[in-house]
Amino acid sequence: MKVLRGLSGIVAGGTVVLAATVVGAEIVGARRGFPGPGAADVAWHVAAATAVVAAQIYSDKRSGSAAFFGSMVVFLLAGYLLWAQWWN
């Protein structure tokens with residue numbers, strides 16, 4: 001179970017870094033006068049990062065099937081964010 005929680009922790013960290021990058025791109029775009037990702041994309045990334053971190057904390061504080069399902073929530077939310085905002 002530690003390996004699964006470790007992998008979901010890496011995914012959660014990556015989601016936070018991705019959200020910070022999108023926020024940064026929006027700020028740089030606004031300052032330099034070129035279109036950035038937009039408010040909706042920023043909101044999606046920040047909301048997903050917040051939810052993923054909450055799920056990871058839940059998973060880290062539990063054991064057994066609760067930790068497993070917490071890790072699965074991390075993978076599903078991060079996957080949905082990538083699918084909805086980047087691949088679709």
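Not measured: the values here are computed from a predicted model. Along the sequence shown, residues carry numbers from 1.
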Quick one: side chain to side chain donor-acceptor pair (under 3.5 Å) partners of Trp86, sequence neighbours excluded?
-> His45
Report whether Trp83 and Val46 are members of the same hydrophobic cluster (ILVMFWY, side-chain heavy atoms less than 4.5 Å apart, transitive linking).
-> yes
Same apolar cluster (I L V M F W Y, side chains within < 4.5 Å links), Leu7/Leu82 = no
Only pairs at least two apart or in different chains count here, so list each salt bridge (charged side-chain N to carboxylate O under 4.0 Å, His left out) that has a residue in residues 26-54.
-> none
Determine which pairs satisfy salt bridge (charged side-chain N to carboxylate O under 4.0 Å, His left out) with at least one residue from residues 52-68, sequence neighbours left out, and list them in order.
-> Arg5-Asp60
Distance-only check: which donor-acceptor pairs under 3.5 Å involve side-chain atoms of residues 10-20, not counting sequence neighbours?
| residue | atom | partner | partner atom | Å |
| --- | --- | --- | --- | --- |
| Thr15 | OG1 | Val11 | O | 2.8 |

Could you pull out every donor-acceptor pair under 3.5 Å between side chains of residues 65-81 and any protein atom, sequence neighbours left out?
| residue | atom | partner | partner atom | Å |
| --- | --- | --- | --- | --- |
| Ser71 | OG | Ser8 | OG | 3.2 |
| Ser71 | OG | Ser59 | OG | 3.0 |
| Ser71 | OG | Ala67 | O | 3.2 |

Please assess Val22 against Trp44 for the test side chain to side chain contact (heavy atoms under 4.5 Å, CB included), listing each intermediate value before the final yes or no.
-> CA-CA 10 Å; Val22 170; Trp44 269 98; over 6 Å; no
